[in-house]
2 protein chains.
Amino acid sequence: MKATLDQIVAEARELFRERGYAGASMQDLADRVGLKKPSLYTRFPNKESLVPEVLALTLDETFADLHEESCEWTVEYEAIIRRIATTLSDRQRCIGLHLAYGVSEDTPLAATAVRGYFAALRDRIANVLARGVEANRAEDLATDALVRLEGATLWIITSGDVRPMERAVSSLIDEAKRLAH
Amino acid sequence: MKATLDQIVAEARELFRERGYAGASMQDLADRVGLKKPSLYTRFPNKESLVPEVLALTLDETFADLHEESCEWTVEYEAIIRRIATTLSDRQRCIGLHLAYGVSEDTPLAATAVRGYFAALRDRIANVLARGVEANRAEDLATDALVRLEGATLWIITSGDVRPMERAVSSLIDEAKRLAH
DNA sequence: GTCTATAGAAAGATAGAC
DNA sequence: GTCTATCTTTCTATAGAC
């Protein structure tokens, strides 16, 4: 199988997304990537160290091919909101939210990574909004947009219903267009 | 100590809220209520059976002293939205959301209980809204309100910032008042 | 009803052979 | 670099004394 680091991290992400931090085991991960448990520990010192890697990979993928400053800001805003919403709907649940709820003082490096993950998402959205509104307001609007999308995953999990996510996306985009006028 | 059933369930809720389903242990719970582990198993057949009890208690508390049909629907709507938001802000995180993310096919009774919990919350909000808008729309609006409040807990967890929750509450109440006119 | 004691499985992590 | 084997702890859950 010859699993690469990125493949292991991607599998770890799946595992964390499905079972959460506490519910995911190194044995499960080893099985999924076709390695024995001790071989995992040659690449990662412990389970907690997987969390920053998982979130960094996810950030990279989320921002891939999203060109900044290349068009009107409302178009770019719509693109990033839809990118996040589509990813959440496809995967059913948010790895970041699951980890945010799952890590604690016992896992400080993981907790720091989660904070950084959401701050990065917010900042990226805020940067787009700042082209149309004042900076402080852009940050608040970005935060509110993000938590709305995240909240909508709750309904996907509990009932499989993606319409709250779709309504959140529509509402956010409409609000942005209203701000632009 | 002589722990009552309700006290045990309340402690279990704290534990689930802090550590999630997988991260909470029966040993921890036993320690918190001053019993030995086998004594817990005389009251609850297994860990999963705690979940429906925890959510039922939480529903009861959420709806306590919220009188229905006693005033204008916008006032009642504001009361229930604020009740939910205040509870979430005080407790920092949502037990229901944590459990929604934490239970799976391995714990079908718990998963069913979580679905029922959020359906009950939505229905209660929808009932209020139905006094002002058409029934289908009331259900959608109730769902959207609920997921917005739940999503705002993410920012409380990751940064301790309750302002996204406060903005969500203001926005929801403003929207309701606009609908009432 | 609550306890001591323990079973049996699984967790995170490491030693050391190859 | 990957493995077998193992350590230590912790988990859910139960048997059985009092």
Side-chain angles (χ1 to χ4, degrees), chain A residues 1-54 98-99 101-114, chain B residues 1-54 98-99 101-114:
Chain A
M1 170 159 279
K2 270 297 184 185
T4 66
L5 273 182
D6 269 5
Q7 285 170 335
I8 296 173
V9 171
E11 277 301 337
R13 176 173 54 182
E14 269 306 296
L15 205 53
F16 284 145
R17 185 154 33 211
E18 290 171 21
R19 305 207 191 271
Y21 183 77
S25 83
M26 297 297 270
Q27 183 64 63
D28 279 344
L29 180 55
D31 292 345
R32 289 197 187 202
V33 299
L35 285 173
K36 298 298 176 184
K37 214 170 17 162
S39 302
L40 280 182
Y41 282 93
T42 66
R43 296 162 157 89
F44 304 95
N46 48 51
K47 178 169 144 181
E48 187 180 7
S49 69
L50 286 164
V51 172
E53 307 276 1
V54 157
H98 209 159
L99 288 171
Y101 260 88
V103 302
S104 64
E105 322 83 60
D106 306 332
T107 50
L109 296 180
T112 300
V114 169
Chain B
M1 171 160 276
K2 270 296 183 186
T4 66
L5 273 183
D6 268 5
Q7 285 171 334
I8 296 173
V9 171
E11 278 299 339
R13 176 172 54 180
E14 270 304 297
L15 205 54
F16 284 145
R17 185 150 39 208
E18 290 171 19
R19 305 205 191 271
Y21 183 77
S25 83
M26 297 296 270
Q27 182 63 64
D28 278 344
L29 180 56
D31 291 345
R32 289 198 186 201
V33 297
L35 286 174
K36 298 298 176 183
K37 219 173 5 168
S39 303
L40 280 183
Y41 282 94
T42 65
R43 295 163 158 88
F44 304 95
N46 47 51
K47 179 169 141 182
E48 187 179 6
S49 68
L50 287 164
V51 173
E53 308 276 0
V54 158
H98 209 159
L99 288 171
Y101 261 87
V103 301
S104 64
E105 322 83 60
D106 305 333
T107 49
L109 295 179
T112 300
V114 170

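Every value quoted in this text rests on a predicted model; they were computed, and no experiment measured them.
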With a 4.5 Å cut-off on side-chain heavy atoms, are A:Leu35 and A:Arg43 touching? yes
The reported gap from CG in B:Leu99 to OH in A:Tyr101 (rounded to nearest 0.5 angstrom) is 10.0 Å
Within residues 16-31 of chain A, those residues having any heavy atom closer than 4.0 Å to DNA chain C are A:Ala24, A:Ser25, A:Met26, A:Gln27
Does A:Tyr41 make a side-chain N or O approach to OP1 or OP2 of C:dT14 shorter than 4.0 Å? no
Is there a side-chain contact between B:Arg19 and B:Asp28 (heavy atoms, below 4.5 Å)? yes
Nearest-0.5 Å distance, CD of residue A:Gln27 to NZ of residue A:Lys36: 7.5 Å
Roughly, in whole Å, what's the span from NZ in A:Lys47 to C1' in C:dG12? 8 Å
Distance below 4.0 Å between A:Arg43 side-chain N/O and D:dG1 OP1 or OP2: no
For nucleotides 3-7 of chain D, which of its nitrogen or oxygen atoms have a protein nitrogen or oxygen under 3.5 Å away, and what is each distance?
{"residue": "D:dC3", "atom": "OP2", "partner": "A:Lys36", "partner atom": "N", "Å": "2.9"}
{"residue": "D:dC3", "atom": "OP2", "partner": "A:Ser39", "partner atom": "OG", "Å": "2.9"}

Distance check needed: D:dT12 P versus B:Phe44 CZ, whole Å only. 15 Å
Take atom CG of A:Leu40 and atom P of D:dG1, then tell me their distance rounded to the nearest Å. 15 Å
Mind checking whether A:Val33 and A:Gln7 have side chains closer than 4.5 Å, heavy atoms only? no
Does B:Glu48 have any side-chain contact (heavy atoms from CB on, under 4.5 Å) partners at least two apart in sequence or in another chain, and if so, which? B:Tyr21, B:Asn46, B:Thr107, B:Pro108, B:Leu109, B:Ala110
Using whole Å, what does the distance between atom C1' of nucleotide C:dA10 and atom CG of B:Asp106 come to? 14 Å
Could you check whether any side-chain heavy atom of A:Glu11 comes within less than 4.5 Å of a side-chain heavy atom of A:Leu15, counting everything from C-beta outward? no
With rounding to the nearest 0.5 angstrom, report the NE2 to CZ distance, B:His98 to B:Arg13. 15.0 Å
